[in-house]
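Next up is a structure, given as structure tokens.
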Amino acid sequence: MVLLSKPSKNIGGVFEWNSAIRECVKQNCSHKALLLFRQMKQNGLEADNFTFPLLAKASANLCSLSSSQIIHSNVLKSPFWSDLYVQTAMLDMYVKCQQLTDACLLFDRIPVRDVASWNVMVLAFAQSGFLDKVLGLFRDMRFDGILPDTVTVVGLTRASLDSKNLALVKSVHAFGIRIGIDGDVSMANTWISAYAKCEDLSSAMAVFNGVEIGVRTVVSWNSLIAGYGSLEKFINALSFYKWMLCDGYRPDTSTIVSLLSSCIQPDKLFQGALIHCHGIKLGCDSDIFVVNALISMYSRCSDILSSRFLFDGMTDRTCVSWTAMISGYAERGDLDEALRLFHAMEVAGVKPDLVTVLSLVSGCGLTGALELGKWIHQYAFSNGLRDNIVVCNALIDMHAKCGNIIGARELFNVLPVRTVVSWTTMITGCALNGEYKEALDLFSLMVEFGLKPNHLTFLAILQACTHAGFLEKGLELFHMMREVYNINPGVDHYSCITDLLGRKGRLKEAVELVESMPVKPDAGIWSALLSACKIHRNVEMGEYACGRLFELEPDLEGAVPFVEMANIYASERRWDEAAAVRRAMKINKVKKFPGQSLVRVNGKPHVFTVEDRGHPDSLLLYATLDSLSLQSKEEEYWPYLEDFVT
DNA sequence: ATAGGGTTAG
């Protein structure tokens with residue numbers, strides 16, 4: 001710990017006490033700083049205009065409202081209550097303690113305000129995302145005749161970033177140039193990361209290149225690397241990292257964290273581990289930010305055991321550490337372990353926050369764990385998350401994915417505010433549960449409310465049309481998407497329309513669409529076409545689709561195209577060709593992966609396949625199934641014959 | 001001045 005040299009009672013003047021307090025604040029022992037203040041008073045010494053700002057800082061670090069109020073009342077009793085420096089420190093203290101109202105009251109009472117006091121307010125509202133308030137303050141500040149400085153412009157940039165408002169970032173940038181602060185490195189660094197966050201990497205690059213090589217700091221590089229990493233341009237992020245090393249810069253924790261958090265795919269495990277090694281070499285591998293980033297990197301790269309190893313080795317785990325680990329298990333469907341950690345977290349005295357709840361909710365949706373999902377729903381609502389739109393959206397999604405469309409609808413209907421995500425989630429849920437008409441109605445209603453559907457909304461509604469076989473409606477929406485909303489369809493949108501045309505027997509149009517689309521067709525689109533060819537017994541188109549499919553996936557891993565093609569030949573009684581496909585399968589040793597199903601019984605997941613006799617109770621299970629099919633025969637229910645062809 | 005866990009799709 002820190003060397004807390006207590007000033008001796010004999011020689012201790014205010015100056016010595018101030019130095020001791022400053023040392024405590026610097027070493028992150030803010031509670032000791034406040035204790036020293038009490039001792040100082042007990043020794044009959046009064047705080048001065050240097051003591052109060054230090055105490056304010058300590059109180060802000062602790063986010064302690066009660067100590068803030070004590071310090072404030074001491075200030076009011078002192079002769080320094082009118083000192084501008086002290087007042088700004090008080091202001092900052094209230095802001096850091098989340099007491100915006102108190103800060104405003106204080107701010108209004110300060111007779112003469114300088115840049116620093118205005119900046120505290122601008123930054124406070126910028127951090128809370130009140131763009132209107134920030135712009136209003138900025139205007140009033142100008143009316144007051146105060147010249148903004150870099151801190152003000154940083155606040156403005158941060159506020160415009162919250163809504164990813166690129167136009168506003170640009171105009172703030174222009175303003176910065178006008179008042180001549182664009183030569184400042186920290187200002188340039190802020191703009192690099194701001195442009196990156198608004199997904200305008202060329203502007204970010206332009207600002208970066210505008211900073212002279214000798215003036216660039218690690219933060220300049222970090223901002224660029226974080227920008228490319230968060231836009232899933234890992235290769236670029238990595239090459240900038242290499243470039244940074246070549247230029248002789250020493251990466252810091254932030255560099256490592258940004259790089260780690262851009263390794264989000266299983267095939268990035270090697271690179272992720274490499275960055276881990278760099279972290280070790282730099283000596284920052286035990287930094288809590290780095291460890292948290294490592295946990296989520298390993299889990300997202302499908303190496304959950306390494307995540308767990310790091311997690312178990314931690315001495316201090318924050319809410320983020322627990323959540324990273326929990327969401328790792330939840331994402332891969334291991335809800336038992338996720339829940340065990342959730343309870344362990346509460347035992348350890350760490351309070352879960354909304355992100356923790358969100359990971360569990362999405363895990364329930366992924367595995368269809370409705371009972372657990374309902375429990376977490378209850379938990380979220382009794383812990384003050386009832387009004388949180390993000391949590392509610394996740395809950396709607398969970399209910400719908402678990403087949404509880406009624407629960408999803410109930411929640412959706414009572415939402416006080418519905419975002420585009422809420423509507424999209426509900427439409428997806430309806431499509432998933434066969435409520436195609438409702439999906440279409442919701443879509444019209446959403447548009448009537450004046451909300452702008454995005455590419456995912458269109459995907460949801462097009463999928464509903466595809467499943468329902470609404471060809472005209474689907475085509476209409478597809479056109480609306482491009483003409484009215486200016487959204488470029490992705491491969492998934494094209495896939496829906498191809499599937500829809502194919503199913504309706506309009507194979508020629510389907511193929512023409514695929515051939516003319518501006519995005520590269522994927523395997524899914526050709527598979528959809530192939531199965532349409534099977535339904536409509538079209539050998540030529542089938543062969544064509546099959547050929548394209550093999551071009552895309554020459555490894556011949558899956559059996560599906562073979563089986564489909566053999567069936568198409570068989571349906572046209574072209575037995576020789578059907579047999580040839582079967583032979584080709586044998587020669588190429590094509591593996592047949594049976595489709596798996598998952599069902600939860602008493603909270604325990606059971607995975608099974610067609611004709612699965614591996615379960616200990618399989619005899620009983622199949623007996624039950626037989627009686628069920630007997631029953632359905634009696635009730636004259638006949639499943640589609642098509643389902644049994646393959 | 002930069003940085004860690006997350007809602008709709010997959």
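Naming: A, B, ... by sequence-line order, numbering from 1 per chain.
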* To do: Examine Tyr298(A) together with Phe309(A) and report whether their ring centres are nearer than 6.0 Å.
  =>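 They do not qualify: ring centres at least 6.0 Å apart.
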* Out of dA1(B), dT8(B), dA3(B), which has the shortest distance to the side chain of Ser258(A)? -> dA3(B)
* To do: Name the nucleic acid region contacted by Val355(A), choosing base, sugar-phosphate or nothing; use a 4.0 angstrom heavy-atom cut-off, strictly under.
  =>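 It contacts base atoms.
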* Among dG4(B), dT8(B), dA1(B), the one nearest Leu456(A) by side-chain distance ->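 The listed nucleotide nearest to Leu456(A)'s side chain is dT8(B).
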* To do: Assign the ring pair Phe470(A) / Tyr436(A) to parallel, tilted or perpendicular, where the plane angle (0 to 90°) is split at 30° and 60°.
  => perpendicular
* To do: Measure the acute angle between the ring planes of Phe240(A) and Tyr228(A), then classify it against the limits of 30° and 60° as parallel, tilted or perpendicular.
  =>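 Phe240(A) vs Tyr228(A) ring planes: tilted.
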* Identify, residue by residue, the members of residues 196-215 of chain A with a heavy atom below 4.0 Å from DNA chain B, and return them in order of residue number, or none. => Lys197(A)
* Asked: Choosing from dG10(B), dT2(B), dT7(B), which nucleotide comes nearest the side chain of Ser362(A)?
  -> dT7(B)
* Asked: dG10(B) phosphate, OP1 or OP2: any side-chain N/O from Lys401(A) under 4.0 angstrom?
  -> no
* To do: Using a 4.0 Å heavy-atom cut-off across all strands, classify Cys319(A) as base, sugar-phosphate, or nothing.
  =>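 Answer is base: heavy atoms of Cys319(A) come under 4.0 Å of a base.
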* Heavy atom of residues 226-246 of chain A under 4.0 Å from DNA chain B: which residues? ->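 Contacting residues: none.
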* Asked: Where the side chain of Asn292(A) is defined as all heavy atoms beyond and including C-beta, which of dT8(B), dA1(B), dG4(B) is the nearest nucleotide?
  ->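 Selected nucleotide (nearest to the side chain): dG4(B).
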* Asked: So which nucleotide from dT7(B), dT2(B), dA1(B) ends up closest to the side chain of Val154(A)?
  ->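 That would be dA1(B).
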* Tell me which nucleotide among dG4(B), dG5(B), dA1(B) gets nearest to the side chain of Ala324(A). =>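 So the side chain of Ala324(A) is nearest to dG5(B).
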* d(CZ, Arg386(A); P, dT7(B)) in whole Å -> 22 Å
* Is any side-chain N or O of Arg317(A) closer than 4.0 Å to OP1 or OP2 of dG5(B)? ->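 Arg317(A) to dG5(B) OP1/OP2: no side-chain N or O under 4.0 Å.
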* Asked: On a plain distance test, is the side chain of Asp492(A) in donor-acceptor contact with the base of dG10(B) below 3.5 Å?
  -> no
* Check if the side chain of Thr425(A) and the base of dT8(B) share a donor-acceptor pair of N or O atoms closer than 3.5 Å. => no
* Asked: With under 30° as parallel and over 60° as perpendicular, where do the rings of Phe449(A) and Trp423(A) fit, or are they tilted in between?
  -> tilted
* Nearest 0.5 Å please: distance from the OG1 atom of Thr253(A) over to the CG atom of Asp287(A). => 5.0 Å
* When you get a sec, tell me which of dT8(B), dT7(B), dG5(B) is the closest nucleotide to the side chain of Asn393(A)? =>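 The answer is dT7(B).
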* **Candidate nucleotides dG5(B), dA9(B), dT7(B), ranked by approach to the side chain of Val390(A) - the nearest** => dT7(B)
* Asked: Looking for any heavy atom pair under 4.0 Å, which part of the strands does Thr318(A) touch: base, sugar-phosphate only, or nothing?
  ->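 It contacts base atoms.
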* Could you tell me whether Lys268(A) atom NZ has more than 12 heavy atoms of other residues or ligands within 6.0 Å of it? =>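 Enclosed: over 12 neighbouring heavy atoms sit under 6.0 Å from NZ of Lys268(A).
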* Asked: Between Arg340(A) and Asp336(A), is there a salt bridge with N-O shorter than 4.0 Å?
  ->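 Looking at Asp336(A) and Arg340(A), the cut-off is not met.
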* Asked: Does Thr253(A) place a side-chain N or O at less than 4.0 Å from the phosphate oxygens OP1/OP2 of dA3(B)?
  -> no
* Structure fact -> Minimal heavy-atom distance between Phe138(A) and Pro148(A), with the atoms involved, is CE1-CG, 3.8 Å
* Side chain of Asp252(A) only, please: which of dT7(B), dA3(B), dT2(B) is the nearest? =>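 The closest nucleotide is dT2(B).
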* To do: Counting heavy atoms from C-beta on, name the nucleotide in dG5(B), dA1(B), dA9(B) closest to the side chain of Val320(A).
  => dG5(B)
* **Value in whole Å for how far the P atom of dG6(B) lies from CD of Glu331(A)** =>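 One finds 6 Å between P of dG6(B) and CD of Glu331(A), rounded.
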* **dG10(B) OP1/OP2 closer than 4.0 Å to side-chain N/O of Gln463(A)** => yes
* **Lys/Arg cation over aromatic Tyr249(A): Arg216(A), 6.0 Å, 45° cone** =>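 No, Arg216(A) does not lie over the aromatic ring of Tyr249(A).
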* Whole angstrom is fine here: how far is it from CG in Asn388(A) over to C1' in dT7(B)? => 9 Å
* **All side chain to side chain donor-acceptor pair (under 3.5 Å) counterparts of Thr466(A), not counting sequence neighbours** =>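 If we apply the side chain to side chain donor-acceptor pair (under 3.5 Å) test to Thr466(A), skipping adjacent residues, there are no hits.
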